[in-house]
Amino acid sequence: MPTSTQTTASGPAGEPEPDSHPEPGKGQKPKAVVRPGDRIFSAATLIAGILILLILAGVALFLLAQSTETIKAQMDDPSSITGGKGFFSYVWPLIIGTLISSAIALLVATPFALGIALFTTHMAPRKLAPVLGYVIDLLAAIPSVVYGLWGIALAGNLTAFYLWLSKWFGWIPIFAADENGAVSQTGRTLLTASLVLSIMILPIITSLTREIFLQTPRLQEEAALALGATRWEMIRMSVLPFGKSGIASATMLGLGRALGETMAVAMILSPGLLTASLVVSGNQTIASEIAQNFPEAAGLRLSELITIGLVLFVITLLVNMGARAIVAKTSVKGS
Amino acid sequence: MTTSRNLTSKQLPQATPWVIAVASIIVAIVIGFLIFGGFNIPVVAVLAGLINMVAVFALSASYEGRRKATDRVATTVVTSAFVLACVPLISLLWLTVSKGGAAINGDLLSRTMLGMKGILDQQYVAGEATLAGGFYHAIVGTVLITIAACVISIPIGVLTAIYLVEYAGKNRLGKAITFLVDVMTGIPSIVAGLFAFALFSTIANLVMPEAAGIAKTGFTAAVALSVLMIPIVVRNTEEILRLVPMDLREASYALGVPKWKTIVKIVLPTSVSGILSGITIAIARVIGETAPIMVTAGFAKNLNWNLFSGWMSTLPTYIYDSQLRPVSPGEAAIASSERAWAAALVLVALVMFLNLLARVIAKVLAPKTGR
Amino acid sequence: GGSATGEEISEGGNSDLQGTITGIGASSQKAAMDAWTADFASANSGMTVNYSPDGSGAGREQFLAGNAQFAGSDAHLDEEEVEASKEVCGPEGAFEYPVYISPIAVAFNVEGVDELNLSPSTIAKIFKGEISTWNDEAIKADNPDADLPDTKITAVHRSDDSGTTENFAEYLKATAEKDWDAEVSGNFPKEFGGEAAKGTDGVVQTISDTDGAIGYADASAVGSLGKAKVKVGEEFVELSPEAASKVVDASEQVEGRGEGDLAFDLARDTTESGAYPIVLVSYHLVCSSYKDQETVDMVKAWEKFVVSEEGQKSAAESAGSAPLSDDLRSQIETVIDSIKVEG
Amino acid sequence: MSKQIDIKDLDIFYGDFRAVDGVGMQIKPRSVTALIGPSGCGKSTVLRTLNRMHEVIPGASVSGQVLMDGNDIYGAGVDPVNVRREVGMVFQRANPFPTMSIKENVLAGVRLNSKRISKSDADDLTERALRGANLWNEVKDRLSLPGSGLSGGQQQRLCIARAIAVEPEVLLMDEPCSALDPISTLAIEDLINDLKDQYTVVIVTHNMQQAARVSDRTAFFNIAGTGKPGKLIEFNDTSTIFSNPDKEETENYISGRFG
Amino acid sequence: MSKQIDIKDLDIFYGDFRAVDGVGMQIKPRSVTALIGPSGCGKSTVLRTLNRMHEVIPGASVSGQVLMDGNDIYGAGVDPVNVRREVGMVFQRANPFPTMSIKENVLAGVRLNSKRISKSDADDLTERALRGANLWNEVKDRLSLPGSGLSGGQQQRLCIARAIAVEPEVLLMDEPCSALDPISTLAIEDLINDLKDQYTVVIVTHNMQQAARVSDRTAFFNIAGTGKPGKLIEFNDTSTIFSNPDKEETENYISGRFG
Ligand SMILES: Nc1ncnc2c1ncn2[C@@H]1O[C@H](COP(=O)(O)OP(=O)(O)OP(=O)(O)O)[C@@H](O)[C@H]1O
Ligand SMILES: Nc1ncnc2c1ncn2[C@@H]1O[C@H](COP(=O)(O)OP(=O)(O)OP(=O)(O)O)[C@@H](O)[C@H]1O
Ligand SMILES: [Mg+2]
Ligand SMILES: [Mg+2]
Ligand SMILES: O=P([O-])([O-])[O-]
C-alpha cells in the first residue's frame, strides 16, 4: 500500500485532471477502482456516445463520397455544373437563402417560444397551463405536408400585407417591390416560407424551454420576490438566467429543424434567383433545392444535390460553433 | 432611510388591461382607415398591439409607476405572444381537425389502397359511390417504423445524455459529442434518408448481391428516423439531467449506492417527466417526416407487418402522396385530398395519444412534491 | 377504345403467377399506375406490383443499379445509360417503350376569358416575362375577338425538376427557338422569373388561386381551368387525347438504338392538322433478360397488361391519358415477347 | 421609519390543511420579535404571511388580518410587490442568485428600484451591506466572482446583505443563523440589534439563547400533534417568557436542557 | 462494530485552491468527535473526505492518508462505494429523494444496495429508523406520502433516519441539527449518545454547547484569512477544549459569548 495517495474526483469515465498542485514525490495514483456494474453502465453510455459519433461520421463520409463526382466536375469542367458557372456560383445563393430563412424563423420563433413557455409556466392559471403546453406539443406532430398546404393558404392572405409593406417600407431592401412596382402575386416568398418555418420550430423550442423554466428552483424565485420584485423582475432575475443555457440549446434544436426542413419550404416557396427582397418571389434554400430536384436527379446532378447537402452540414457545424462561442462568452464566469 | 413607501400604491382597476385592449383595437381600425384607407387585418393587429403596449405603459407608468408599468407591459407582451402564437397553431389544428373530421370514417381506418384506382374516386366525386380506399397500412407502417426508431434512438439518446452529464465531465470526448449532436440536429431529413438507404444498400449488396431492391424496408426508414431523432433525445435529456440537484446524487452516494444505481434509481426517476416530454417531442418531430421515409421504405399500397422486408407506407408519406399525386388527378383529386386529411387527423391523434401516455407515465414516476 | 374481352384478360392475366415486382420512377405515371396495378392485381391475386413514384431520375438510377425490375421515365435513356443498362440487363441492355402519353395543357385563369389562342412565340414570351399584361398586343393578335383585361400576367412554372417542364421547354425550343433561348432541361430557367410551384398539383392550385395566372401542367390535372389552344401550322388546335396521340404517331424513333428500344424523338414542330404537340411521353424500362424464369413471366404478364387495350383504357379513364395507337401497341408487344432468361 | 404589525385572528391553510390557527399578536415597531417553537408548528408559515410570500406556494391561503401601521396587507388594492419591498426576508436556506456575482447579488434589490445608481454609490452600498452582514472581509477581493462559490455560511450572510441593502422597514428572518458559525452569528446578532433602532425585525429561531439575547418579545408556538394546526401559545416580553411564562407548555419547552 | 479513523497529514484541494492543510487526528471508535470552527474553515470539507464524498465535486482532490482500522480508504483497490456503505453521512441541507415516499426514503439505502428485505422486516426497519430520528410519531400515518412534503426540520430528521437505516459503522453528520427545533435536537443528541455505543460518530456543529454536550473529543479548526487554507488548531478531549484549551486561538473562539 502506498504511503500516500491522491485521488481525483469526477466519474469513472472522467478524464483525470492534470495534477494541479505541486506535491512532487508525494502523490502516486492508485488504479481507480470501478465496480463491475459501474463499468458496464459507463461503458454502455460511452458506447452510445461513440455510436453517435460513428453515425455522424457515417453521414459525413457518405456525403463526402457522393460529393466526389461534383468535386471532380468542378475541377475538370465547371460549366458542367448546374447553372454553368461552377459549383460555388450555384451554391452560394442557396446558402444565403438558407441562412436568411433560418435566421428569420429563429428570430420570430424564439421570442414567441419564450413567451409561450413563460406564459404556461409562470402566468397562465395553474390548471390551464399543462393543457396549453400539451396543445403546443401536438403541433410538432403535424406533418410538413400539412404545414405546406397551410402555408400556401397563408401565402394568399399575405399578398395584401406584402403590398402594404413594400409601399411603406419599400426603402428597406428586404421589403422592396420588383422593378414593375409589384410584389409576389401569390405571396409564396421566402418571407412566407420563413414564417411557416418559425411556426414549425415553435413547439420544439417551447417544449424544452418550458421544461427548464419549470425547474427553476423555488428558492431562487422566492429570493427575487422577497426583494420586492414584480413578477416580470422575478422572471428576469431568476427564471431567465437559470434557463439561459437551456434556451440556447432549445434554440439550436429549432435552428437545426429550420435549416433542414425540406418539404414545407419546397411546397410554399416559389424559388428563383437570389434577390434581396423578401416580398417578391425568388430565393431558394438548400434543403428545398434538394427536395425539389432529387426525384429527377441522376449522375452528376444527384451528386451536386448531395454536395449541397454536405454544404448544409458544414453550415450547421459553423453556426453551432458560432452559437456556442457566443453563449460561452456571454454566460457568467464560473457557477 | 429614504422616504416612506406606501403600501397601497395606486392600482389600476382590474378591467383596465381589457379596456385598453379593446380601445386600442378600435383606435387601430380608425387609424388604419385614415392612413391606409382600408381594413387590413394584419395592419390593424400590428397597430393595435403597438398602441396597446404604449397605452398600457403610459397609463400604468403615470399612475402606478415605472416598475409596475414594465411588469404590465411584460405581462401583456408575453400574453400576446402566447395568444398570437396560438392563432396559427389553432388554425393549423383546426384545419386538420375540421378537414380530417369531415372525411374520416371507420372504413378508411380499416382498408388499404390495394386495388385503388382513379375511376373509383371519379365515381365518388360524381356521387355514384362511397369513398374507396383507406390507410390502415399506413397506420401500421407509422406505428411499426416509429416504434423501431424509438427502440434504436431512445437507448442511444438517453445513454449518451447520461454519459455527457454524469461521466464526461469536461473531457474532450464529451465536448465533441455535445457539439456534434448539435450539428446532427441540422442534418436535412432527406440526407438522413439517403444515408440510411446507402448504408443498407451497401450491406444488402454484400449479404445478398443477387436480390434486387431489398434495402428498402421499414427498418431502413427507422434507422433514417433515428438519425433525426437521436440528437433531439440527447439534447432534451441532457438539459433535463443537468437540472437534477447534486444534493440528491450526494445523498445517494453517501448511502453507499454505486454511481450507476444512483443514476438509474435516483437521477432518472427524478427527471423522468422532462425526459419523457423530450422523447415525445422527438417522436412528434420524426413521426411527421415524409422525405426520408420515401427514399428508405418505398411506397406501399398494401399492408405489410414485416419491418425487415418489403415496402411500407407511413401516414406522412401517404398524406404527401395523396395530396401531391392524387389517384385521380383533376376534379376527382378531392377524394385523395379527403383521405389525406383524414390521415393527418389520425396522425395528430396518434401523437396526442402518445403524449397523453407519456404524461401518465411521467405522473406515476415523477417527483412527488405535493404536500 | 375496345371492350375487355375474356381473351384479353387471359392474355394479360395469368393467375398462376406468384410474387412481387417492383418499379420506381416517374410521378407522371402515378395515377395510371394506380389503375394498372389495381386491375392487374384483381386478375392475378398472387402477384403484387409495387410502384414508387420517386421521379424519373430516381427510377432510372435505381433500375440501372438493379434495385427495381422496371422503371418509369419521362425521358428515354441517353447513350451512357444505354451502355450502363447492359451491366444489369444482359448484353441487349434495357428495353424501353412508351406506355403513357399525356397532353400538357397551357392552363389559364383570367377573369372574363374562357377561350384563348396562343402561338408558340407568344407562349415563350409570356413564360419569359417579356409579355406582362393580358391585353398585350401579341396576345390580342392571336385572339382578335377576345375581350382581354389589363391584368398582370403571373406565369407559373414548376419549381421542381420535372418531365413536364422538359417537354414543355422542348416544345418551345422546337417551335419558337428565337424567343426561347434557354437550354432545355427539367428545370425551368430561373432567369426567366415568374412564379414557381412544386408539383403538377402546386401549379394547378397556384393558377386557380391567382387571377391572371397561366401555367403548364399535365392535362388530366387541370380540371375546369381554361386550356389554351396552341397554334400548329396555321390553325389553333384544342387539346384532346386523340390530338396528342397523333403527334406520337407522326414522330420518328431515336436512331441507333437496339431492337427493343422504342425511344421517340417527338415531332414538336409538326404541322399535321389536328395534332397537339405539347405532350409528355412516359416510358417503361425493362430488362431484356432477367435472372430467373419467374421474373420473366411476371414482368411479361405485367407489361403486356399495361400496354393492352384494356390497360390503356383503364389509364385513360382514371388518369386522363391518351391511349396508345394499335400500331404502336403491336410493336411494343413484340418487344415484350422477346424478354428472356439470362444466359 | 419602522412599522407596527398587528396580526388579527390569522388562519393559514395549505390547500385544505389548516397549518396555523387563530394567531393574534402585535409586533411593535423598532423591536425584535422572536418566534420559537418545535419543528412543524408553523413558525415559517406565519413569517411568510407577513410579506405575503406564502402566496408563491400553490394552494396556500390565509384568512384574518395583518395590519401594517393599520393598513391590512391583505386588503383590497394592496400590491404584494409593495408589501415585499417594505418587508424584506432572509430564508432558512441561503439562496443567492447563482448567475450573479457577489456584488450583483447585493445590489439585486436596489437595482430593481432605482435603475440608475452611480458606480461609487453602488460600491458604497455593497460595502455597507456586506460589512453589516459581516462578510466584507472575506469577499472584498472577489466581489465579481459568483455568489454560489461561497461556503454555506458565507452564502447565508450574502443573502442577509442582499436583504438589508434595500433598507426595508421590516425584516423577516427565518433561522438566519442556522448555518452560521458563532463569529458570524455574533455579527448578525449585533446587526439585528443595530437594525432594531430603525426597523421592525421578526426572527424565527431554534436557538433559545439567541431568542433571549436578541429579542424584545417572544412568541411561542406549539402544535398538538401531526395534522393538527399550530397555535400561538404565548406571546410576551422575552424576559417574561424566559423567566416566568404564563403557560405551563411554554415553561416545559423553555426549560428543556437547551441553551 | 465501529472503526477507528486515523487521519494523517491530509491536504484537501478544490482544483488549485488548498482548502485544508495538514490535518492529522485520530478518531476513536465508539466515541463522538465534534468538529468546530468558524465558517469556511473547512469542517465540511474534512468531513467529506472521511467517506470520499469530496470526490463527487469536480476538481476536488486530497493528498495524505485516511486509515480506517489501519486500511487506507484512499489505498489502491479501495472502492469508494464500499467506504460509503460503512461510513454514513447526513448533510447540512436536508435532501430527501423527491420521487420516493417517506418509507421508501428510509429504505432507500437498503433497497438500492439490492438487499432483499421482507415486507415485515422493511416495516420494522422503517419504524426503528424513524423512531431513532424522533420522527416516527409525526409521520407514522403518512408513510406513503412523499418525503418532500415535510417541513424543513422533518425532512432533516428523515435524512438522519435514512442514514441510520443502513446501519453504518461510522456516521458523519454535517450540522445535522441546524434546522431542528430543540425537541428534535434533543432527540438527535440522545440518538447520537445511543449510537456511540456501537458506532464512531463525527459531527460538525456550530453550536458549541451541542459539541460540549454530545462529544467526547473536539477538533477546533481555524482559518487565517480568505484564500488561506483551514488548519486544525487543536484536537483534544472535549472537556479539555472547553475548560482548559492549549491554544489561545481556541480559548478566544470558545469564550465568545455563545452558548
Ligand atoms: N408548502 C406546504 N404545503 C403543505 N404543507 C406545508 C407546506 N409547508 C409547510 N407545511 C406544513 O405546515 C406545517 C408548518 O410548517 P412550517 O414549515 O411552517 O414549520 P416550522 O415551524 O417552520 O418548522 P421548522 O422549524 O422545521 O422549519 C407543517 O406541518 C408542514 O408539514
Ligand atoms: N465546491 C467548492 N469549490 C471550491 N471551493 C470550495 C468548495 N466548497 C467549499 N469551498 C471553499 O473551501 C473552504 C472550506 O469550505 P467548507 O464548506 O468546508 O467550510 P465550512 O467550515 O464547512 O463552513 P460552513 O460552516 O459555512 O459550512 C471555503 O473557503 C470555501 O469557499
Ligand atoms: Mg421553518
Ligand atoms: Mg460546512
Ligand atoms: O411528372 P413530372 O415529372 O412532371 O412530375
Side-chain angles (χ1 to χ4, degrees), chain A residues 10-11 13-15 35 37-38 41-42 44-46 48-49 51-52 55-56 59 62 112 115-116 118-119 123 134 137-146 150 160-161 164 199 202 204 207-208 211-212 215 230-232 246 249 252-253 256 259-260 262-263 287 290-291 309 312 316-317 320, chain B residues 40 42-43 67 70-71 74 78-79 81-82 85 88-89 92 95-96 156 159-160 162-163 166-167 169 171 177 180 182-191 195 198 227 230 232 235-236 239-240 243 258-260 274 277 281 284-285 287-288 290-291 316 319-320 323 344 347-348 351-352 355:
Chain A
S10 83
E15 253 185 21
R35 306 174 68 83
D38 267 331
F41 191 71
S42 69
T45 64
L46 181 64
L51 215 60
I52 287 187
I55 294 173
L56 211 69
V59 173
F62 159 76
F112 279 107
I116 295 173
L118 278 180
F119 185 79
M123 289 183 177
Y134 177 66
D137 276 2
L138 277 189
L139 287 155
I142 293 184
S144 306
V145 188
V146 174
W150 183 82
F161 178 59
W164 178 83
I199 294 164
L202 202 56
I204 292 183
S207 163
L208 182 53
E211 285 299 324
I212 287 162
Q215 303 285 341
T230 60
R231 180 167 55 191
W232 171 243
S249 292
M252 285 297 109
L253 274 183
L259 285 172
T262 43
M263 217 49 98
I290 298 177
L312 181 58
T316 319
L317 210 106
N320 270 296
Chain B
N40 182 329
V43 172
R67 289 179 54 201
T70 313
D71 187 55
V78 168
T79 311
F82 177 79
L89 301 182
L92 265 159
L95 183 73
T96 313
I156 295 184
L159 284 174
T160 304
I162 291 174
Y163 174 74
E166 307 285 343
Y167 290 104
N171 74 15
I177 294 177
L180 291 173
D182 279 352
V183 172
M184 211 168 158
T185 60
I187 296 180
S189 48
I190 183 130
V191 169
F195 162 71
V227 173
I230 286 172
I232 304 181
R235 228 53 196 92
N236 275 300
E239 289 301 329
I240 299 298
L243 297 178
K259 185 164 183 166
W260 72 275
S277 136
I281 205 88
R285 161 78 176 81
I287 207 173
T290 318
I319 296 165
Y320 176 84
Q323 270 300 342
L347 184 63
V348 171
V351 174
M352 194 154 87
N355 213 322

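Nothing here was measured: the structure is a model prediction, and the numbers come from that model. Below, chain A is the first sequence line, B the second, and so on; all start at residue 1.
The aromatic rings of B/W260 and A/F41 sit tilted, their planes meeting at an angle between 30° and 60°.
Rounded to the nearest 0.5 angstrom, B/N236 CG and A/L253 CG are separated by 6.0 Å. For the atom pair CD1 (B/I190) and OG1 (A/T262), the distance works out to 6.5 Å, reported to the nearest 0.5 Å. The distance from atom CG of B/L180 to atom CG of A/L317, rounded to the nearest 0.5 Å, is 7.0 Å. Here CD1 of A/I55 is found 4.0 Å from CD1 of B/I230. Values are rounded to the nearest 0.5 Å. Atom OG1 of A/T45 and atom CD of B/E166 lie 9.5 Å apart (nearest 0.5 Å). Annotation: the span from B/I187 atom CD1 to A/L312 atom CG amounts to 9.5 Å, rounded to 0.5 Å.
Between B/P88 and A/W150 there is a side-chain heavy-atom pair separated by less than 4.5 Å.
When all heavy atoms of B/L159 and A/A48 are compared, the closest pair comes out as CB-CB, 3.5 Å. Among all heavy-atom pairs drawn from A/S249 and B/E239, the shortest one is OG-OE2, 2.6 Å. In terms of heavy atoms, B/D71 sits closest to A/W232 at OD1-N, 2.7 Å. For the residue pair A/E211 and B/S277, the shortest heavy atom distance occurs at OE2-OG, 3.3 Å. Here the shortest heavy-atom pairing between B/P316 and A/V145 reads O-CG2, 4.4 Å. In plain terms, the two heavy atoms of B/A291 and A/M263 that are nearest each other are CB-CE, 3.8 Å.
When each of B/V191, B/T70, B/I177, B/L89 is scored by its heavy-atom pairs under 4.5 Å with chain A, the top score falls to B/L89. Put simply, of B/N355, B/V348, B/I162, the one with the most heavy-atom pairs under 4.5 Å next to chain A is B/N355. Considering only heavy-atom pairs separated by less than 4.5 Å from chain B, the leading option among A/G37, A/S144, A/G115 is A/G37. Between chain B and the options A/A44, A/G49, A/G309, heavy-atom pairs under 4.5 Å are most frequent for A/G49. Listed options B/L95, B/V183, B/I287 were ranked by heavy-atom pairs under 4.5 angstrom with chain A; first place goes to B/V183. Options A/I212, A/I116, A/V59, A/L259 differ in how many heavy-atom pairs under 4.5 Å they form with chain B, and the most are formed by A/V59.
Heavy atoms of A/L208 lying under 4.5 Å from chain B belong to its backbone as well as its side chain. The contact between B/L92 and chain A is made by backbone and side chain atoms together, counting heavy-atom distances below 4.5 Å. For chain B, the nearby part of A/L56 is the side chain; its heavy atoms alone come within less than 4.5 Å. For A/L51, the part sitting under 4.5 Å from any heavy atom of chain B is the side chain, from C-beta outward, and nothing else.
In terms of the side-chain hydrogen bond (donor to acceptor under 3.5 Å, both in side chains) criterion, B/T96 has no residue partners (sequence neighbours excluded). Scanning for side-chain hydrogen bond (donor to acceptor under 3.5 Å, both in side chains) contacts around B/D182 gives A/R324, B/R235, with sequence neighbours left out.
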